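The structure displayed is predicted, hence computed values, not measured ones. Just follow the structure's listing: the first ligand is 1, and inside any ligand the first atom is 1. Starting from 1, each residue takes its place in the sequence as its number.
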Amino acid sequence: MQIAIIGTGRMARNLGAGWARAGLSIVFGSRNPQAHADLAESAPGAQVTEPTAALDGADVVVIAIPFPAVEPFAREHADKLRGKVVVDISNPFNHLPDNSVAGAEITARAIGPGARVVAAFKSNFWETLLEPTDPRYDIERDVHYAGDDVEAKKLVGRLIYDLGFRAIDCGPLKNARVLDGMAPLIIELDKRYANGERRSSWRLLSVPHVD
Ligand SMILES: NC(=O)c1ccc[n+]([C@@H]2O[C@H](COP(=O)([O-])OP(=O)(O)OC[C@H]3O[C@@H](n4cnc5c(N)ncnc54)[C@H](OP(=O)(O)O)[C@@H]3O)[C@@H](O)[C@H]2O)c1
């Protein structure tokens, strides 16, 4: 299975590194691939190419670019994204202040009928993506995900486990409206209780084990 990760920033790098270490095939899509050849060091075996080329042959596409760029990207590449499992990790913050629609719903609409969008990783910091078990408490961190396509969600759940996290299925894509609010809240909580250190995670205590 090939995973295309669009973007070469903090989230892209750490997701790519984690999946490459788990033995998955990674291709990064960058607007400037030559500048990011070093990604192959953190994600062994990974290729770096233009975004359009990265989409060719990908089974899963993780869009790891800033929220305002996601909808235009999805619209521009709708033909290639349709039918593929698309993981939207973007946090809208003040771009969608009233949470009446999820960023991932906008992405799905931009792709159109046949979109298989799963919202995931929104409430996890890039700083902890390679630390799925919090060493301070020896507790696995949770990754929340939501989507309407059952098979797409199963695949994303497995990819979350491949990184070492617990995968928490949060239901249909519309529930990503809540997930969009979790990042701003955990940032606020970290400021209040952890001097702004970004190492917190959400943990669902009533689920000792999730398959
Ligand atoms: N930072 C976090 O802890 C965190 C946590 C959860 C979710 N997220 C979400 O994950 C996404 C990426 O966050 P990040 O922190 O990794 O960001 P980042 O470090 O700023 O990286 C973003 C990457 O996106 C690409 N990019 C930038 N502007 C773009 C544009 N206008 N159009 C297309 N591509 C563009 C760039 O790659 P190229 O220059 O190579 O194209 C850049 O390296 C965001 O949507 C964010 O909300 C972040």
Side-chain angles (χ1 to χ4, degrees), residues 3-19 26-43 46-55 61-78 80-81 86-97 99 102-107 110 117-132 134 141-146 156 159-160 163 165 167-168 170 176-191 194 196-202:
I3 304 176
I5 301 179
I6 307 303
T8 55
R10 298 164 294 183
M11 290 292 284
R13 279 174 183 267
N14 280 357
L15 286 172
W19 282 320
I26 305 297
V27 55
F28 291 96
S30 170
R31 295 166 303 170
N32 189 5
Q34 293 80 6
H36 299 289
D38 63 308
L39 277 170
E41 287 165 27
S42 54
Q47 300 167 34
V48 191
T49 183
E50 305 279 344
T52 312
L55 297 180
V61 179
V62 179
I63 305 181
I65 62 179
F67 173 78
V70 174
E71 183 184 12
F73 179 88
R75 206 171 287 289
E76 181 184 347
H77 299 284
K80 291 194 182 218
L81 293 172
V86 173
V87 184
D88 185 338
I89 70 166
S90 64
N91 277 315
F93 291 104
N94 293 334
H95 295 284
L96 291 179
N99 284 6
E105 290 178 292
I106 295 173
T107 306
V117 175
V118 178
F121 297 104
K122 288 169 178 276
S123 55
N124 300 89
F125 294 128
W126 71 270
E127 290 95 330
T128 55
L129 282 181
L130 293 174
E131 193 185 66
D134 188 323
R141 303 177 195 276
D142 288 349
V143 172
H144 301 92
Y145 63 117
V156 173
L159 290 174
I160 292 169
L163 291 172
F165 291 92
I168 304 295
C170 294
R177 297 171 194 180
V178 178
L179 302 187
D180 283 350
M182 290 173 79
L185 180 57
I186 200 167
I187 290 168
E188 172 72 28
L189 292 172
D190 270 344
K191 283 186 189 146
E197 192 190 6
R198 293 161 48 104
R199 307 243 342 255
S200 298
S201 302
W202 301 104

*Please state which part of Pro51 comes within less than 4.0 Å of ligand 1, counting heavy atoms only: side chain, backbone, both or neither.*
neither

*Counting from 1, what ligand 1 atoms have a heavy atom of Asn124 closer than 4.0 Å?*
5 (C), 6 (C)

*Of all the atoms in ligand 1, which lie at a distance below 4.0 Å from a heavy atom belonging to Lys122?*
6 (C)

*In terms of side-chain geometry, is the basic nitrogen of Asp190 or Arg198 positioned less than 4.0 Å from the acidic oxygen of its partner?*
no

_Separation between CH2 of Trp202 and CG of Asp142, rounded to the nearest 0.5 Å_ = 11.5 Å

*Residue part near ligand 1, for Phe67, under 4.0 Å between non-hydrogen atoms*: backbone

*Please report the closest heavy-atom contact between Phe121 and Leu129, naming both atoms and the distance.*
CD2-CD2, 4.1 Å

*Any chance you could measure Thr107, atom OG1, to Arg75, atom CZ, to the nearest 0.5 Å?*
10.0 Å

*For atom 39 (O) of ligand 1, which protein heavy atom lies nearest, and how many Å away is it?*
Arg31 NH2, 3.0 Å

*asked:* Show me which atoms of ligand 1 lie under 4.0 Å from any heavy atom of Ser90.
replied: 9 (C), 45 (O), 47 (O)

*Atoms of ligand 1 less than 4.0 Å from Trp126 heavy atoms?*
1 (N), 2 (C), 3 (O)

*Could you give the distance from CD (Glu197) to CZ (Phe125), rounded to the nearest 0.5 Å?*
10.0 Å

*So, are Arg10 and Glu127 salt-bridged, with charged N and O less than 4.0 Å apart?*
no

_Option nearest atom 15 (O) of ligand 1 (shortest heavy-atom distance, choices His36, Arg10, Glu50)_ = Arg10

*To which protein heavy atom is atom 13 (O) of ligand 1 closest, and what is the distance rounded to 0.1 Å?*
Met11 CG, 3.9 Å

*asked:* Looking only at the side chains, is there a donor atom on one of Asp88 and Ser90 sitting less than 3.5 Å from an acceptor on the other?
replied: yes

_Atom of Cys170, atom of Leu179 and distance for their closest heavy-atom approach_ = SG-CD2, 4.0 Å

_Non-hydrogen atom of Ala183 closer than 4.0 Å to ligand 1_ = no

*Would you name the heavy atoms of Leu163 and Pro132 that are closest together and state the gap between them?*
O-CG, 3.1 Å

*Any N or O of Asn32 that comes nearer than 3.5 Å to an N or O of ligand 1?*
no

_Element-labelled atoms of ligand 1 that are located less than 4.0 Å from some non-hydrogen atom of Ser30_ = 38 (P), 40 (O), 41 (O)

*asked:* Would you compute the distance between atom CD1 of Ile186 and atom NZ of Lys122 and round it to the nearest 0.5 angstrom?
replied: 15.0 Å

*Counting from 1, what ligand 1 atoms have a heavy atom of Phe125 closer than 4.0 Å?*
3 (O)

*Any heavy atom of Arg13 sitting closer than 4.0 Å to ligand 1?*
no

*Examine Gly9 against ligand 1 and note whether any of their N/O atoms are separated by less than 3.5 Å.*
yes

_At less than 4.0 angstrom from any non-hydrogen atom of Ala69, what atoms of ligand 1 do you find?_
30 (C), 31 (N), 32 (N)

_Out of Ile89, Ile5, Ile186, Ile65, who is nearest to atom 44 (C) of ligand 1 when you count heavy atoms only?_
Ile65

*So which of Gly29, Ala64, Ala12 gets nearest to atom 23 (C) of ligand 1, if we judge by its closest heavy atom?*
Ala64

*Answer yes or no: does an N/O atom from Gly7 fall short of 3.5 Å to an N/O atom of ligand 1?*
no

*Quickly, which of Val62, Val61, Val27 forms a side chain to side chain contact (heavy atoms under 4.5 Å, CB included) with Ile3? Name it, please.*
Val62

*For ligand 1, is any non-hydrogen atom under 4.0 Å from Phe93's backbone (N, CA, C, O), its side chain (CB onward), both, or neither?*
neither

*So do the side chains of Leu15 and Ile89 get within less than 4.5 Å of each other, counting heavy atoms only?*
yes

